[in-house]
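Letters go in sequence order (proteins before strands), and every chain restarts at 1.
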Number of protein chains: 2
Amino acid sequence: MEFDFKQQGAVTLAEVAEAAGVGESTVSRVLRNEGSFSRKARERVMEAVERLGYVPNRIAGTLASAGSRLVAFVVPSLSNIVFPDVLRGASGVLEANRHQAVFSVTDYDPQREEALVAAMLAWRPTAVMLAGFEHTEGTLKMLRASGCRVAEVLDVDGTAVDLAVGFSNRAAGRASAEFLLKRGYRRIGYVGHDLERDTRAGKRFAAFCETLASSGSPLIDREVCSGASSVESGRLGLERLLARHADLDAVYFSNDDMAIGGYFHCLARGIAVPSQLAIFGYNGLDIGRVTPQPLSTIRTPRVRTGQLAAELVVTNAPPQVVDLGFELVEGATA
Amino acid sequence: MEFDFKQQGAVTLAEVAEAAGVGESTVSRVLRNEGSFSRKARERVMEAVERLGYVPNRIAGTLASAGSRLVAFVVPSLSNIVFPDVLRGASGVLEANRHQAVFSVTDYDPQREEALVAAMLAWRPTAVMLAGFEHTEGTLKMLRASGCRVAEVLDVDGTAVDLAVGFSNRAAGRASAEFLLKRGYRRIGYVGHDLERDTRAGKRFAAFCETLASSGSPLIDREVCSGASSVESGRLGLERLLARHADLDAVYFSNDDMAIGGYFHCLARGIAVPSQLAIFGYNGLDIGRVTPQPLSTIRTPRVRTGQLAAELVVTNAPPQVVDLGFELVEGATA
DNA sequence: GCCAAAGTTGGTAGCGCTGCCAAAAAAAAT
DNA sequence: ATTTTTTTTGGCAGCGCTACCAACTTTGGC
């Protein structure tokens, strides 16, 4: 049983022109507030628009003119707050500049990403924003051929197609390791989520390990949970890791969600933090600031990343890589 | 200094037809896999598409044919995980049905919502999804006149324009109050965020208060933090509320973020939960399941809401209101 | 009052694609 | 071999709008 909701019946610009007793061009100019027209013409047009309930058709407008004013986001996930944060930052700037955000979710699958990028390009967006630099050859080829701006966000360790805005995940991993070492921790473990898929977490982890190794205190063990990061898997992951190595003195988590989970495990089991076990995260989520002990972590400018990427796109800035840096939050858990 | 990245140079269907030595119609049919064409024609077309790197122009396609296969989301916020959850649910279904999601963020401002709905309608979307039923007259008028499907989500207490998918916030408020009363709490307070803007939280609160009042144990006091909900404001809010009423035995929070903040306050101050103070939230976030004591809350089917709303839209189901219900999670904090 | 300059206005050719139709080719039936 | 049926094909008119241009009206200077 289908309900017939036909899309038709939409008022067109020609009808408005007719009703206002002016030419189509005049209506178009008035509505876009471009070119010149008399006060009187404007009044008549506005009256007709109001009366008929005219809503311009941007599909037609875009086809006839230049840009779509559409910015396409192809993000790995919406569960990980990082991406809504970037979208939020970008969305404000885009709206202020009369652009529209379109998005789709790859679920961290490069093949899906490729398909979704293709689908997005069909809308002839002004720009495409993606997470990181790891894309399939096909994706890169399409992006380069598309002629639209490309912004790769949340990473700067790699080769950008066009614009890149973010921070160094490798530097973050290194900084985390250095911090833990400086504090005197030597028996360090890692709890993370699927590193194959989240390549930025993988970069942090790699740099973290290298730094530990070169200091002479290599990583003791790691527990990698399949699937997306979550508070729950952080808690379970830490439990499993500690079951194997009760004598760890610090654990680095792939991000704050996981770290908070680990922290909860400690609270629940009466493990003293940080004296018995130190906890270190990544992202600097708000929640980490108000846990009974503030979480030690690295705060990343996610919203700012979205904003800046959007600004570069709307101002049609030249290709560039912007490293927004990050801030190490000492907190009280490490 | 501008960088010249012209959008032009895009390969058109006509060029593909030329290159493949067939007519435009044939290319179009092959690409949409519709109508009839020979195996040979298909091969030649595909070869040309591949060789030229042709990406169809959906702007033109949409203008020429019927639907845009675009679904517009106008959400209050992206910080509140509820909305990314709905988007996530919907996005999966939409992608599977070759639809595209477009969104914008109102920041809980009905005037902004109106402007954004207008902007969205300009893309002639298949459907518009909004949160709740509280919209300006202008918004409602445009939506009704648009001829596109409208889905109002996350609430069922109100009059739907077309489709509605969600759960009863009033019933949730009532159920929360009944639960606390059943457990014997009588000196109950409330900590919430801006109720003027988040009308669904307002409905929960109103029903909560009514239920308490009619049981003879009216709400003792409330602390309403301006701004969006967050773990931090939950923690601060509880602190302020307790400063006024140290003898409360339970606190109802406008949602889980706030409740977790309150819980952290208790942990930090050594307030025994629930013996000294009970805590009750709303939403059923994952994090609440793995806190040292599982959070008592109401779990809402947010992802499912997005999915179902998207399904109803893509199947062009008749107007209807679907109450997905909610689940009271007893937890251990109340 | 006349002419140049400035300000307005409407007509029309596309933008790239799909839908329709008639023509052509291939297959089946006679 | 011829006719009928089926399949395949290309041409072309829009979809609703904007860009461009030419025509028109008003204004101002002298």
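- Residue-to-nucleotide contacts include no donor-acceptor pair under 3.5 Å from the side chain of B:R29 to the base of C:dG19.
- The side chain of B:A64 approaches D:dG14 more closely than any other nucleotide in the set D:dT18, C:dG11, D:dG14.
- The closest side-chain heavy-atom distance from A:V55 to B:R124 is below 4.5 Å.
- Within 4.0 Å (heavy atoms only), B:T12 reaches sugar-phosphate atoms of the nucleic acid but no base atom.
- When the P atom of D:dT18 is taken as reference, atom CG of A:L13 falls 6 Å away, rounded to whole Å.
- Considering only the side chain of B:L63, D:dG16 comes nearest among D:dT9, C:dT9, D:dG16.
- Straight-line distance from the CZ atom of A:R42 to the P atom of C:dT8: 13 Å, rounded to whole Å.
- Between B:F37 atom CZ and C:dT18 atom C1' the separation is 15 Å, expressed in whole Å.
- Look at CZ on A:R69: it is 17 Å from P on D:dC17, rounded to the nearest Å.
- Distance alone, capped at 3.5 Å, is enough to place a donor-acceptor pair between the B:N57 side chain and the B:I59 backbone.
- A side-chain donor from one of B:T136 and B:T139 sits under 3.5 Å from a side-chain acceptor of the other.
- The aromatic rings of B:F73 and A:F103 sit tilted, their planes meeting at an angle between 30° and 60°.
- Counting any heavy atom pair closer than 4.0 Å across all strands shown, A:S36 reaches a base atom.
- DNA chain D is contacted by both B:G23 and B:S65; B:G23 maps to the nucleotide lying nearer its 5′ end (nearest heavy atom per residue).
- The interatomic distance linking B:W123 (CH2) with D:dC17 (P) rounds to 13 Å, in whole Å.
- The interatomic distance linking B:L31 (CG) with C:dG16 (P) rounds to 16 Å, in whole Å.
- If you check D:dC15, C:dG7, C:dG19 against the side chain of B:S25, the one that comes closest is C:dG19.
- Remark on DNA chain C: of its neighbouring residues A:A41 and B:E34, the 5'-side contact belongs to A:A41, judged by nearest-heavy-atom nucleotide.
- If you measure from atom CD of A:E24 to atom P of C:dT9, you get 15 Å, rounded to the nearest angstrom.
- Residue A:N57 has its side chain nearest to D:dG16 when only C:dT18, D:dG16, C:dT8 are considered.
- Applying the 4.0 Å criterion to OP1 and OP2 of C:dT18, one finds that B:R32 has a side-chain N or O inside that range.
- No hydrogens or angles were tested; on distance alone, nothing pairs the side chain of A:S38 with the base of C:dG7 as donor and acceptor under 3.5 Å.
- For B:T26, the side-chain atoms get nearest to D:dG10 when compared with the rest of C:dT8, D:dG10, D:dT7.
- Taking atom NZ of residue A:K40 and atom C1' of nucleotide D:dT25, one finds them 12 Å apart after rounding to whole Å.
- The side-chain contact (heavy atoms from CB on, under 4.5 Å) test with A:L154 singles out one residue from A:T305, A:N169, A:L324, and that residue is A:T305.
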